[in-house]
Amino acid sequence: MAPTQSKFYLTTPIYYANSRPHVGSAYTTIVCDAIARYKRMRGYDVVYLTGTDEHGVNIERAAEKLGITPQELVDRNVPLFLELWKLLDIRYTHFVRTTSVEHAGSVQKLVRRTLRRAGKNGFIYKGRYEGRYCIHDNLYVSDSSEPADCPTCGRPAELISEENYFFRLSMFQEKLLQLYREKPEFVQPDFRRNEVVSFVESGLRDLSISRKAIKWGIPWPDDPEHVFYVWYDALTSYMTGIGFGEGEHGSAEYQKYWPADLHMIGKEIIRFHAVYWPAFLMAADLPLPKQVFAHGWLLFQQEKMSKSRGNVAYAEPIVRVLGNDALRYYLLRDVVFGQDGNFSHDALITRYNADLANGLGNLASRILAMIGQSFAGQVPSPEPREKLSGPDYEVKLLAQSQIGSVIEMYGTMEFAGALEGIWSVIGAVDKYLVETQPWKLAEDASQRERLSAILYTATEALRIVTALAHPVLPEATQKIWAQLGQSGKLANVRLDQLAWGQLRPGTKVQKAEAVFPRVEKTETVERIRAMEEQMNQPPAPPAPAAAATPAAPARIGIEDFTRVEMRVGEIKSAERVAGADKLLKVMVDIGEEVRQVVAGIATVYKPEDLVGRKVIVVVNLQPRKLRGVESNGMIVAASVGPEGTPVLAGFLEAVPVGARLK
Ligand code: ME8
């Protein structure tokens, strides 16, 4: 019988759907994607859940500001998450939305189960909530009766007293401390667990888990005046997504995959995951997740990157300019996982050029080119085993030892360390090639065997490095894998079965093709910034329902604009087009050539007045015929008044012919 595959269920936080995702939200999702890919390459059956948190005051308020309903707001924002995950090639298996019907059922089921078990000393009771509440912003400001101002509008919050459902968190203090003691891996890293332990040791107050003043939420079963407190709702989504709500005992999938093996989160939400969530589950007599791992923050301009602070960078421009792998590599290599780390476009590009373009990319193209030149594109034979010595042996030893240590570091989520290990092999092979100088040996027929051994060693090290880097660099490594003549998906390779010597001599390799072209820093940062600016523009207003008002033109990205090539041209000659009183045939010098353009300006401009005039020409339009005369471009003019009278665009200063407009 085949051994049953071990399962691994991991989750990201479910993100608030009140705005578009930024690099911070992408960070956790990318980390989890790398873990998921790594676990699959270790033979695990992986379930990976992400999703969106769509209830609560924040969403309600964001919608109000835009004059739309909360449902409309989340329906508008959720696709932005889905699109970004697609662009980033995130291989999640489940996406959960807290506004789904299944989720409401699942949350109500969890609370019913808890109420049923309760008996006299119920875990949930009705009590009075006393605190400060802002009636303008629908916001619970503080749990105490002390005067307080609303953090949003600054107006004094009112003292309110409303009946809520309370969760008896105070009863779980000892049980939670026992959990942290007996299962220290439950909260990671260790220093975070210590913070959680101190918090719990200092005493736990019961928690209000329903709200009356808020409408946007899941109704309490049999008491719909109340909606669930957003964290009770949100945390339960980790079970909803795999079918907890189905039937009496949950779906087959739920039974197979729950409890989660890993909840990956940012450090600011650790209390909810490491204190409240296990208590909610204990109260319902359900299995607890195996681990909550709280990572640090990405800082941007010295502060936590967040939409409310307005200091966000977006993933899309980076991916469009440098590719998906560049962002993944930078985030996992430059930030020590678990700690806070700075994000900067400068550092991103430095890493890209140094480690990807000059490192892995360059090594792959050099090796492939040499095999192409000296061995007609076929992997040459290695040195007989017993003769392997000196630098060849050192490269082999290093690559071999990194297989084990990189696997281990991925396993403990030391991504920077794992990548450093992989790149130490790349560095060693670079040095090995500099020292052994195979390109020189290639000129000497008597050195053929030595050349063959060196190239085998370098190629085999490259193959191992490529496989090891796959969880972090899925796209480029798959390309290099194919270039190395390896068939099939690298994702299906088992990392723990990787060993030196598996590369078969005679394997046909492909032509070298750069996977990471070098980029110029200043220009690249500028391109990324320009695209980001575009993304920060307020979204175009929704298309009006009635056709009477013309729709606002759709916003385009800078990349769309740069596709239009406009140059300064000088008119050399102009004449009327026979039988068309609006058209002129114009010969215009655009620098490299003189173009024939047909322009609809004859009603305003006399041909003889135009000669010598500088105009703006769109030079990359498809040629077309107007009244039988070919036109190879367009002269730009304002279109004025109801008749659309043309007024040629021009320059106030002297400008050379051929200059590009951007
Ligand atoms: O908290 N650095 O959603 P959220 C690193 N809906 N990670 C960051 C980050 C940054 N600057 N900014 C965001 C919520 N993150 C709740 C969660 S879970 C049941 C409910 C990541 O949209 C990080 O994982 O505010 C953080 O915990 C999460 O996004 C917060 O996302």
Side-chain angles (χ1 to χ4, degrees), residues 10-33 35 49-60 62 73-74 77-78 80-81 84-85 88 90 94-99 103 106-107 110 192 209 216-218 228-241 244 260 262-278 280-281 289 292-315 327 330-332 334-344 413 415:
L10 84 163
T11 65
T12 70
I14 52 165
Y15 303 106
Y16 287 127
N18 55 355
S19 57
R20 66 157 66 235
H22 51 79
V23 168
S25 359
Y27 179 55
T28 318
T29 315
I30 287 173
V31 163
C32 284
D33 188 61
I35 298 171
L49 173 135
T50 186
T52 39
D53 193 351
E54 307 181 17
H55 288 132
V57 188
N58 286 341
I59 307 272
E60 221 173 26
L73 175 73
V74 296
N77 284 340
V78 169
L80 301 175
F81 286 84
L84 179 59
W85 304 153
L88 294 173
I90 302 293
H94 293 65
F95 191 94
V96 65
R97 293 187 58 173
T98 59
T99 51
H103 182 60
S106 164
V107 171
L110 183 64
R192 296 260 174 250
I209 56 164
W216 183 238
I218 296 172
F228 279 86
Y229 165 54
V230 69
W231 279 98
Y232 195 92
D233 163 347
L235 289 159
T236 308
S237 69
Y238 295 142
M239 299 200 302
T240 306
F244 169 69
L262 175 64
H263 291 317
M264 182 61 74
I265 57 167
K267 66 181 182 183
E268 78 289 352
I269 54 177
I270 194 164
R271 187 175 300 176
F272 304 103
H273 284 80
V275 182
Y276 299 178
W277 182 224
F280 295 160
L281 290 169
V292 172
F293 193 109
H295 63 65
W297 285 340
L298 285 185
L299 310 175
F300 193 47
Q301 295 147 356
Q302 276 80 52
E303 278 194 284
K304 183 190 177 210
M305 187 187 295
S306 76
K307 189 78 187 179
S308 54
R309 287 185 177 87
N311 61 335
V312 294
Y314 292 109
L327 177 63
Y330 168 67
L331 291 176
L332 291 175
D334 253 38
V335 180
V336 175
F337 193 64
Q339 294 172 19
D340 291 352
N342 269 311
F343 177 92
S344 91
M413 288 181 255
F415 303 107

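Atoms within a ligand are numbered from 1 in the order they appear, just like the ligands themselves. Heavy-atom basis, side chains included; hydrogens, waters and symmetry copies ignored.
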Taking only heavy atoms of [X] into account, list the atoms of ligand 1 that are under 4.0 Å away from them.
X: D53; result: 6 (N), 16 (C), 20 (C)
X: G296; result: 5 (C)
X: H22; result: 12 (N)
X: A234; result: 19 (C)
X: Y27; result: 5 (C)

Do you know which of N77, T29, T52 makes side-chain hydrogen bond (donor to acceptor under 3.5 Å, both in side chains) with Y15?
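With Y15 as partner, side-chain hydrogen bond (donor to acceptor under 3.5 Å, both in side chains) holds for just one option, T29.
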To check your reading of the model: name the closest protein heavy atom to [atom], its residue, and the distance in Å.
atom: atom 18 (S) of ligand 1; value: Y238 OH, 3.3 Å
atom: atom 26 (C) of ligand 1; value: E268 OE2, 3.0 Å
atom: atom 29 (O) of ligand 1; value: Y15 CE2, 3.4 Å
atom: atom 2 (N) of ligand 1; value: L298 N, 2.7 Å
atom: atom 17 (C) of ligand 1; value: I14 O, 3.2 Å
atom: atom 24 (O) of ligand 1; value: T28 OG1, 2.6 Å
atom: atom 25 (O) of ligand 1; value: Y16 CD1, 3.4 Å
atom: atom 8 (C) of ligand 1; value: G24 O, 3.3 Å

When you measure from the side chain of N311 to the backbone of F300, do you find a donor-acceptor pair of N or O atoms at a distance under 3.5 Å?
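Flag set: sc N311 to bb F300 pair under 3.5 Å.
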Where the side chain of W216 meets the backbone of E54, is there a donor-acceptor pair that is under 3.5 Å apart?
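Flag set: sc W216 to bb E54 pair under 3.5 Å.
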Verify side-chain contact (heavy atoms from CB on, under 4.5 Å) between F337 and F293, making sure each step is shown before the conclusion.
CA-CA 11 Å; F337 193 64; F293 193 109; 3.3 Å; yes
Student check: side-chain heavy atoms of D340 and K267 closer than 4.5 Å:
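Contact flag for D340/K267 side chains = yes.
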Check the pair Y27 / M305 against side-chain contact (heavy atoms from CB on, under 4.5 Å), numbers first and verdict last.
CA-CA 11 Å; Y27 179 55; M305 187 187 295; over 6 Å; no
The single option from V292, L10, I35 passing side-chain contact (heavy atoms from CB on, under 4.5 Å) against M264
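The passing option is I35.
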With a cutoff of 4.0 Å, is H295 in contact with ligand 1, counting heavy atoms of the residue only?
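It does, in that a heavy atom of H295 comes within the 4.0 Å cut-off of ligand 1.
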With a heavy-atom distance limit of 4.0 Å, tell me whether H273 approaches ligand 1 through its side chain, its backbone, both, or neither.
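Near ligand 1, H273 shows its side chain, while the N, CA, C and O stay back.
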Side chain, backbone, both or neither: W231 near ligand 1, heavy atoms under 4.0 Å:
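Near ligand 1, W231 shows its side chain, while the N, CA, C and O stay back.
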Measure the NE2-CD1 distance between H103 and I218 for me, rounded to the nearest 0.5 Å.
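Atom-to-atom, H103:NE2 and I218:CD1 are 4.0 Å apart.
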Y314 OH to L80 CG distance, which is reported to the nearest 0.5 Å:
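Between atom OH of Y314 and atom CG of L80 there are 10.0 Å.
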Quick check: H273 with Y238 (ring centres under 6.0 Å apart)?
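Yes, the ring centres sit under 6.0 Å apart.
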How about Y330 and F343: are their ring centres within less than 6.0 Å of each other?
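When the ring centroids of Y330 and F343 are compared, they turn out to be within the sub-6.0 Å range.
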Counting only nitrogen or oxygen atoms and a 3.5 angstrom limit, does M305 reach ligand 1?
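Between M305 and ligand 1, an N or O pair is found under 3.5 Å apart.
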Between ligand 1 and G266, is the shortest N or O to N or O distance under 3.5 Å?
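Min N/O separation from ligand 1 is below 3.5 Å for G266.
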